[in-house]
Amino acid sequence: MTLDLFEDALPSPWREDIAPGAVVLHGFVREHGPELLAAINRVVAQVPWRHFTTPGGFTMSVAMSWCGNGWSSSRQGYRYSTHDSVSGKCWPAIPAILMALADEAAQQAGFGHYVPDSCLINRYDPGSKLSLHQDKDEHDFSAPIVSVSLGLPAVFQFGGLQRSDKTQRIPLVHGDVVVWGGPSRLCFHGIMPVKEGYHSLVGPHRINITLRKAF
DNA sequence: CAGTTCCC
DNA sequence: GGGT
C-alpha cells in the first residue's frame with residue numbers, strides 16, 4: 001500500500017474551514033469507496049458490529065466495530081483497550097489504506113503527519129444518531145480526529161467547548177472527511193438521525209470511520 | 001448528557 | 001426544527 005493514494009491537490013472550494021482547527025475536506029475520499037469498504041469489511045469480519053450500552057443504561061442506536069485500540073461503553077463508563085479481554089488477542093491492526101488516509105487528511109487540514117493508534121467504525125442505520133458529545137477519553141488531545149463519511153448522507157453538528165454553545169449543521173455525503181484538532185479538539189459534535197435511503201456502494205447505511213490517537 | 005422525552 |  002502506497003502513501004500517495006490521497007495526494008491529489010484539492011481545489012479550494014472543496015476545503016471548508018468551520019472553526020479554528022476544524023476543516024471539512026469535501027469529497028476527499030470519494031474515489032476510494034470500494035477499497036475503504038473492503039478494508040472495513042475485513043475488520044468487521046474479526047470484530048462484529050456491536051451496540052454498546054451508555055453509562056446511563058441506554059442502548060446506542062449506532063453499531064460499532066473497531067481496529068487498532070478499541071473503544072467501549074458500559075454502565076462503568078467509556079474506555080479504550082489494546083486487546084480483546086475474551087480472546088486475549090490484540091484488536092486487528094488498522095489497515096494501511098486507513099493509516100494513509102489519516103496522514104494525508106491531517107496534512108491537508110494543517111496538522112502535519114499523523115499516526116493514529118485507534119480506528120472506530122460506526123454504522124448508522126436509518127434513524128440512528130449520535131447526540132452531542134466530546135471525544136475526551138483519549139489520553140492525547142494534541143492529536144486531531146479524522147472522520148470519514150461513507151454511504152447515506154447525514155447532518156453533522158459541530159459546536160464549541162461547552163454543550164450550550166451554538167452548533168453549526170454541516171451536511172456530509174459519501175466521501176467527505178472532517179478533521180478537527182488543536183483549539184477544536186474538544187468541541188462538542190454529533191450526528192442528526194440518518195434518513196432512510198440507499199447508497200449504491202454501501203446500501204441502506206451510513207458508515208463513519210474515525211481515526212484518533214487514544215494512547 | 002456517545003439517550004430519551006418533552007416543550008417551544 | 002431546535003433546545004433540553
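The chains referred to below are lettered A, B, ... by the order of the sequence lines, with proteins before strands, and numbering in each begins at 1.
Taking atom NZ of A:Lys129 as the reference point, atom P of C:dG1 lies 14 Å away to the nearest angstrom. Atom CD1 of A:Ile145 is separated from atom P of B:dA2 by 15 Å (rounded to the nearest Å). In this structure, the NE2 atom of A:His133 is 17 Å from the C1' atom of B:dT4, given to the nearest Å. Residue A:Met192 contributes atom CE, which lies 13 Å from atom C1' of C:dT4 at whole-angstrom precision. Per the geometry, NE2 belonging to A:His189 stands 8 Å off C1' belonging to B:dA2, to the nearest Å. Following rounding to the nearest Å, A:Met64 (CE) and B:dA2 (C1') show an atom-to-atom distance of 8 Å.
The six-membered or imidazole ring of A:Tyr124 lies away from that of A:His205, with a centre-to-centre distance of 6.0 Å or more. Between A:Trp180 and A:Phe156, a ring centre-to-centre spacing shorter than 6.0 Å is recorded.
Using C1' as the reference atom, B:dA2 and B:dC7 are 24 Å apart when rounded to the nearest Å. One P atom belongs to B:dC8, the other to B:dT4, and the distance between them is 22 Å to the nearest Å.
Under 3.5 Å, the side chains of A:Tyr114 and A:Arg212 contain no donor-acceptor pair of N or O atoms. A side-chain N or O of A:Ser149 and one of A:Arg206 form a donor-acceptor pair less than 3.5 Å apart.
Considering only side-chain N and O atoms, A:Arg79 lies nowhere under 4.0 angstrom from the phosphate OP1 or OP2 of B:dA2. In terms of phosphate contacts, A:Arg75 brings no side-chain nitrogen or oxygen within less than 4.0 Å of OP1 or OP2 of B:dA2.
For A:Arg15 and A:Asp17, the salt-bridge test passes: some basic side-chain N is under 4.0 Å from an acidic carboxylate O.
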Stepwise side-chain hydrogen bond (donor to acceptor under 3.5 Å, both in side chains) check, A:His189 with A:Gln157: CA-CA 5 Å; A:His189 58 281; A:Gln157 286 182 293; over 6 Å; no
Pairing string, 5' to 3', for DNA chain B - Watson-Crick or wobble contacts under 3.5 Å, brackets [ ] where pairs cross, | to another strand: .....|||
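Residue A:Thr54 is in sugar-phosphate contact alone, with no base atom involved, counting any heavy-atom pair closer than 4.0 Å across all strands shown. Counting any heavy atom pair closer than 4.0 Å across all strands shown, A:Asp137 reaches a base atom. A:Phe52 comes within contact range of no nucleotide atom at all, as no heavy-atom separation falls under 4.0 Å.
You'll find that the side chain of A:Arg163 is closest to B:dC1, out of B:dC1, C:dG2, B:dT4. Taking only side-chain atoms of A:Met60, from C-beta outward, the nucleotide of B:dT4, C:dG3, B:dA2 with the closest atom is B:dA2. Comparing C:dG3, B:dT4, B:dA2 against the side chain of A:Arg169 picks out C:dG3 as the nearest. Checked against B:dT4, B:dA2, C:dG3, the side chain of A:Tyr78 finds its nearest nucleotide in B:dA2.
Separation of atoms CG (A:Leu152) and OH (A:Tyr198) is listed at 10.0 Å; rounding is to 0.5 Å.
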